[in-house]
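All figures in this text were calculated on a predicted structure; none of them were measured in a lab. The first residue of the sequence shown is numbered 1, and numbering continues consecutively from there.
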Amino acid sequence: MKCLNEILNQEKSIYLQISEMIENDILRDVFLEEEKVPSTNELAKFFKINPATAAKGINLLVDEGILYKKRGIGMFVTQGAKQAVKKKRKDAFYENFIKSLLVEAASLGISEEELIEMIRGRKQPSAES
């Protein structure tokens, strides 16, 4: 098995962790476009999980167009998968972090310029602002 060296944890569903691990390996060029990824049985054996759980993680990526099945051969990374994963992750980053950051900045009266300087690490927030 190529990479997938992350350890499963209790924080989220195992099938979601499996799909994220494969996405991470696609982003790191461990799995390239048109390259075969581990089978559900290989994943199940490696992580000591039920094959149905591994299949659920793989099928999530198939549903998102990240992987596709070659009948009788296995699952493969689609053309454009890396860009699709990046877009998905950037969208989630915006929704999960940036929106709430902007709302909090507005409630504190932090200007766009101040916020940009904070992000760049050039300015510490002042108490009197």
Side-chain angles (χ1 to χ4, degrees):
M1 191 149 329
K2 278 200 170 186
C3 196
L4 294 172
N5 59 1
E6 299 171 45
I7 298 170
L8 298 175
N9 61 56
Q10 301 294 323
E11 293 174 20
K12 62 176 75 169
S13 299
I14 292 172
Y15 78 95
L16 291 173
Q17 293 178 66
I18 295 290
S19 67
E20 286 177 4
M21 285 180 201
I22 293 171
E23 285 181 346
N24 290 341
D25 284 350
I26 290 169
L27 289 174
R28 292 190 302 249
D29 293 328
V30 173
F31 297 125
L32 302 174
E33 293 178 352
E34 299 303 326
E35 190 170 82
K36 190 176 188 293
V37 298
S39 71
T40 55
N41 289 333
E42 290 170 327
L43 290 169
K45 189 175 181 181
F46 184 79
F47 290 111
K48 296 176 178 51
I49 58 173
N50 187 315
T53 301
K56 193 171 179 181
I58 293 283
N59 288 334
L60 186 62
L61 296 174
V62 170
D63 293 345
E64 294 174 356
I66 306 299
L67 300 179
Y68 71 96
K69 183 176 185 173
K70 285 187 183 178
R71 189 175 169 100
I73 300 175
M75 294 293 189
F76 290 79
V77 179
T78 60
Q79 289 286 332
K82 186 174 182 176
Q83 286 308 113
V85 171
K86 278 185 181 180
K87 182 183 181 334
K88 173 184 155 184
R89 297 266 180 105
K90 283 181 179 182
D91 291 348
F93 181 77
Y94 178 78
E95 289 296 321
N96 297 328
F97 298 102
I98 301 301
K99 273 186 168 181
S100 60
L101 173 81
L102 295 173
V103 167
E104 183 67 8
S107 71
L108 295 172
I110 298 172
S111 71
E112 184 177 326
E113 293 78 21
E114 284 180 293
L115 187 57
I116 290 169
E117 290 300 312
M118 286 177 181
I119 291 168
R120 289 183 176 150
R122 296 185 188 149
K123 180 179 180 187
Q124 295 294 317
S126 63
E128 69 268 355
S129 295

Rounded to the nearest 0.5 Å, what's the gap from [atom1] on [X] to [atom2] on [Y]? Could you check?
X	Y	atom1	atom2	value
Arg89	Asn96	CZ	CG	11.5 Å
Leu102	Ser107	CG	OG	11.0 Å
Phe46	Met21	CZ	CE	8.5 Å
Asn50	Tyr15	CG	OH	14.5 Å

Quiz item: Which ILVMFWY residues are connected to Val103, directly or by a chain of links, through side-chain heavy atoms under 4.5 Å apart?
Solution: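 Besides Val103, the hydrophobic cluster comprises nothing; the residue is isolated.
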Quiz item: If you link I, L, V, M, F, W and Y whenever their side-chain heavy atoms are under 4.5 Å apart, who else ends up in the same group as Phe76?
Solution: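 Cluster partners of Phe76: Tyr68, Ile73.
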Heavy atoms only: give me the nearest [X]-[Y] pair and the separation to one decimal.
X	Y	value
Glu33	Thr78	CG-O, 3.4 Å
Leu27	Lys86	CD2-CG, 3.5 Å
Ala81	Ile26	C-CG2, 4.3 Å
Ala54	Ala44	CB-N, 4.2 Å
Asn41	Pro51	OD1-CB, 3.8 Å
Ile22	Phe31	O-CD1, 4.3 Å

How would you list, by chain and number, every residue that makes a salt bridge (charged side-chain N to carboxylate O under 4.0 Å, His left out) with [X], sequence neighbours excluded?
X	result
Glu104	none
Lys90	none
Glu112	none

Is it true that a side-chain atom of [X] and a backbone atom of [Y] form a donor plus acceptor pair closer than 3.5 Å?
X	Y	value
Gln83	Gly80	no
Gln17	Lys12	yes
Ser13	Leu16	no

Quiz prompt | salt bridge (charged side-chain N to carboxylate O under 4.0 Å, His left out) contacts touching residues 48-76 (sequence neighbours left out) | solution =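 Listed by first then second residue: Glu64-Lys88.
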Quiz item: Can you name the residues that form a ring-ring contact (aromatic ring centres under 6.0 Å, His included) with Phe93, not counting sequence neighbours?
Solution: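 Counting only residues at least two positions away or on another chain, Phe93 forms a ring-ring contact (aromatic ring centres under 6.0 Å, His included) with Phe97.
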Quiz item: Checking salt bridge (charged side-chain N to carboxylate O under 4.0 Å, His left out) for the pair Lys45/Glu42: CA distance, chi angles, key distance, verdict?
Solution: CA-CA 5 Å; Lys45 189 175 181 181; Glu42 290 170 327; over 6 Å; no
Sequence neighbours left out, what passes side chain to side chain contact (heavy atoms under 4.5 Å, CB included) with [X]? Give chain and number order.
X	value
Ala105	Ile110, Leu115
Lys87	Asp91
Ala84	Ile66

Practice problem: Might you work through the side-chain contact (heavy atoms from CB on, under 4.5 Å) test for Leu61 and Val37, ending with a clear yes or no? | Solution: CA-CA 11 Å; Leu61 296 174; Val37 298; over 6 Å; no
Quiz item: Do Leu67 and Val77 come close enough that some side-chain heavy atom pair is under 4.5 Å?
Solution: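 Leu67 reaches Val77 side chain to side chain.
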Practice problem: Give a yes or no on whether Val85 and Val62 share a hydrophobic cluster (residues Ile, Leu, Val, Met, Phe, Trp, Tyr; joining criterion: side-chain heavy atoms under 4.5 Å apart). | Solution: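 Yes; tracing contacts between hydrophobic side chains, which count when under 4.5 Å, links both residues.
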Quiz item: Of all residues at least two apart in sequence or in a different chain, which pass the side chain to side chain donor-acceptor pair (under 3.5 Å) check with Lys82?
Solution: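 Result, side chain to side chain donor-acceptor pair (under 3.5 Å) vs Lys82: Asp29.
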Quiz item: Can you pull the ring-ring contact (aromatic ring centres under 6.0 Å, His included) pairs that have at least one residue in residues 102-121, sequence neighbours excluded?
Solution: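 Output for this query is empty, none listed.
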